Colleague: 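Structure incoming, see below.
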Amino acid sequence: MFPFTRLRRLRRHPQLRELIRETTLSPKDLILPLFVRHGKDQKIPIGSMPGHYQLSVNRLAEEIREVRNCGIPGVILFGIPEHKDADGSDARSDSGIVQQAIHEIKSIDDSLLVITDVCYCEFTDHGHCGILVEDHGHVDVDNDATLAILQEQAVSHARAGADMVAPSGMMDGVIEAMRTALDDSGFTQIPIMSYAAKYCSGFYGPFREAAESTPQVGNRATYQMDPANSNEAIREVELDVLEGADILMVKPALSYLDIIHRVKAKHPELPLAAYNVSGEFAMVKAAAANGWIDEQRVTLEILTSIRRAGADMILTYHAKDVAHWLE
Ligand code: PBG
């Protein structure tokens, strides 16, 4: 019979299977998103994201120690301020909720990498990612006015001690604007992780509950990408590369593995992150809670597929679970 090449020979011995394994997954590849809210002694469960909470600043210590013990290198912070207003003033205040959280985390463990999401949707009373304008009867985000307040927000995060900033609002020109503002304030050493190709996705549903950031009117389709487009993602990425992004990101991850693969192939020289978003997490948790899938097996398979597609690092709500499983 013809097949002299029997691939099954290589799969017989478990150690051999490990030796020929092409993709690895470790807690060291993962970044955990955290939601920090105003108030004191708050630990409010997020219904659609089992195991995740909105934590007040004084409840962060326990979480941060656990993250460190798990071997997870970093967290990305999202804030829920006490007051929201039209231009999201808490976001760029040195005493804002995220800034307080950065100070607190750094005082608990200054070796943990602290990344901040730089965007306005959690801070505006209308829930959009920047300042609104009327455009021929439609409300839309004013790109350039928003760039100015994003610069202030990023610099304020850096001043509070953030190690890296991650603009997530998909404003055109944001990387250059942020790089300039950081450099002018003396933060030349702070890298920018760009949400370079971020799609207008239904998978953000649970996050919007968690961050209380659902748009009150309209949607984000003028600034986030159409899920039908792939070449456009390459254009988005090219601009961010030219503007000086240090790390690129594709978001969401699972329905966009082709985009992850394309971006990595185009820019192998740049580190690539993928955001395994809230809806992707919630689907696994819900199916597992019903006994329909094996949570551990499916989660590891999903995260491995994201790494295999080309992501160097993954932002994921599964991070702590994975660390416990892989221990
Ligand atoms: C905000 C932001 C969003 C997410 C990360 N940063 C929400 C959005 O664009 O509506 C979503 C993350 C998730 O769903 O886990 N700019």
Side-chain angles (χ1 to χ4, degrees), residues 30-36 46-54 75-81 84 88 90-92 97-98 115-124 126-132 141 143 146-147 149-150 153-154 157 164-171 174-175 178 192-227 236 247 249-256 273-286 299 302-303 306 311 313-320:
L30 308 179
I31 295 163
L32 179 72
L34 287 181
F35 298 96
V36 190
I46 300 162
S48 52
M49 299 173 68
H52 287 269
Y53 301 86
Q54 294 180 342
V75 294
I76 180 162
L77 300 180
F78 297 94
I80 301 110
K84 302 194 185 211
D90 188 273
R92 57 185 181 281
I97 185 67
V98 169
I115 308 167
T116 57
D117 185 86
V118 185
C119 190
Y120 273 84
C121 58
E122 301 130 55
F123 301 92
T124 52
H126 45 74
H128 276 280
C129 298
I131 293 172
L132 292 185
V141 171
N143 193 87
T146 301
L147 289 183
I149 60 172
L150 286 168
Q153 187 184 13
H157 288 175
M164 177 154 74
V165 292
S168 68
M170 290 291 281
M171 294 302 126
V174 67
I175 304 301
M178 208 164 271
I192 301 175
M193 171 191 259
S194 171
Y195 285 70
K198 176 173 175 181
Y199 285 86
C200 189
S201 170
F203 287 102
Y204 306 149
F207 174 94
R208 292 180 187 173
E209 177 200 335
E212 302 175 12
S213 64
T214 306
Q216 299 304 303
V217 285
N219 57 42
R220 307 206 206 289
T222 60
Y223 40 106
Q224 299 182 348
M225 286 185 53
D226 180 346
E236 287 282 3
I247 299 179
M249 193 201 297
V250 172
K251 175 184 172 189
L254 201 47
S255 298
Y256 300 87
Y275 201 141
N276 173 224
V277 301
S278 58
E280 301 175 66
F281 171 81
M283 288 196 303
V284 172
K285 286 285 179 185
T299 302
I302 289 173
L303 295 175
I306 296 167
M313 64 196 92
I314 307 172
L315 295 81
T316 179
Y317 303 95
H318 295 290
K320 286 196 292 178

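Since the model is a prediction, treat every value here as computed from it, not as a measurement. Both counts, for ligands and for their atoms, begin at 1 and track the order of listing.
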Colleague: Counting from 1, what ligand 1 atoms have a heavy atom of Lys198 closer than 4.0 Å?
Modeller: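 So the answer, numbered in order with elements, is 1 (C), 2 (C), 3 (C), 6 (N), 8 (C), 9 (O), 16 (N).
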
Colleague: Is it the side chain (CB and beyond), the backbone, both or neither of Phe281 that lies under 4.0 Å from ligand 1, heavy atoms counted?
Modeller: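 None of Phe281 does.
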
Colleague: Side-chain contact test, heavy atoms from C-beta onward, threshold under 4.5 Å: evaluate it for Ile302 versus Val284 and give yes or no.
Modeller: yes

Colleague: Given the rule in the ring pair (Phe, Tyr, Trp, His ring centres under 6.0 Å) test, do Tyr256 and Tyr199 qualify, once you have shown the distances and angles that lead to the verdict?
Modeller: CA-CA 9 Å; Tyr256 300 87; Tyr199 285 86; 4.2 Å; yes

Colleague: Would you say Arg208 has any N or O atom under 3.5 Å from an N or O of ligand 1, going by distance alone?
Modeller: yes

Colleague: Relative to the heavy atoms of Tyr275, which atoms of ligand 1 are at a distance of less than 4.0 Å?
Modeller: 12 (C), 15 (O)

Colleague: Could you list which atoms of ligand 1 come closer than 4.0 Å to a heavy atom of Cys119?
Modeller: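 Listed by number with element, the hits are 16 (N).
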
Colleague: Is the charged tip of Lys251 near the ring of Tyr204: under 6.0 Å from the six-membered ring centre and within 45° of its axis?
Modeller: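 Yes; both conditions hold, so Lys251 lies above the ring face of Tyr204.
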
Colleague: What I'd like to find out is whether the side chain of Lys84 reaches to under 4.5 Å of the side chain of Asp90, using heavy atoms alone.
Modeller: no

Colleague: Any side-chain heavy atom of Pro33 sitting closer than 4.5 Å to one from Tyr275?
Modeller: yes

Colleague: Of the backbone atoms (N, CA, C, O) and the side-chain heavy atoms from C-beta on, which set of Ser278 has a member under 4.0 Å from an atom of ligand 1: side chain, backbone, both, or neither?
Modeller: both

Colleague: Distance under 4.0 Å to a non-hydrogen atom of Cys121: what atoms of ligand 1 satisfy this?
Modeller: 1 (C), 16 (N)

Colleague: Is there a heavy atom in Arg220 that sits closer than 4.0 Å to ligand 1?
Modeller: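 It does, in that a heavy atom of Arg220 comes within the 4.0 Å cut-off of ligand 1.
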
Colleague: Which label fits His126 and His128: parallel for a plane angle under 30°, tilted from 30 to 60°, or perpendicular past 60°?
Modeller: tilted

Colleague: Suppose I only count heavy atoms of Lys251 and a 4.0 Å limit; which atoms of ligand 1 are within that range?
Modeller: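 Answer for ligand 1: 2 (C), 3 (C), 4 (C), 5 (C), 6 (N), 11 (C), 12 (C).
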
Colleague: Under 4.0 Å from any heavy atom of Tyr317, which atoms of ligand 1 are there?
Modeller: 12 (C), 13 (C), 15 (O)

Colleague: More than 12 non-hydrogen atoms from neighbouring residues, nucleotides or ligands closer than 6.0 Å to CZ on Phe203, yes or no?
Modeller: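 No, because the 6.0 Å sphere around CZ of Phe203 holds 12 heavy atoms or fewer from other groups.
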
Colleague: May I have the step-by-step check of ring pair (Phe, Tyr, Trp, His ring centres under 6.0 Å) for His318 and Phe281, ending in yes or no?
Modeller: CA-CA 7 Å; His318 295 290; Phe281 171 81; 4.8 Å; yes

Colleague: Among all protein non-hydrogen atoms, which one is nearest to atom 16 (N) of ligand 1, and what is the separation to 0.1 Å?
Modeller: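 The answer is Ser168 OG, 2.9 Å.
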
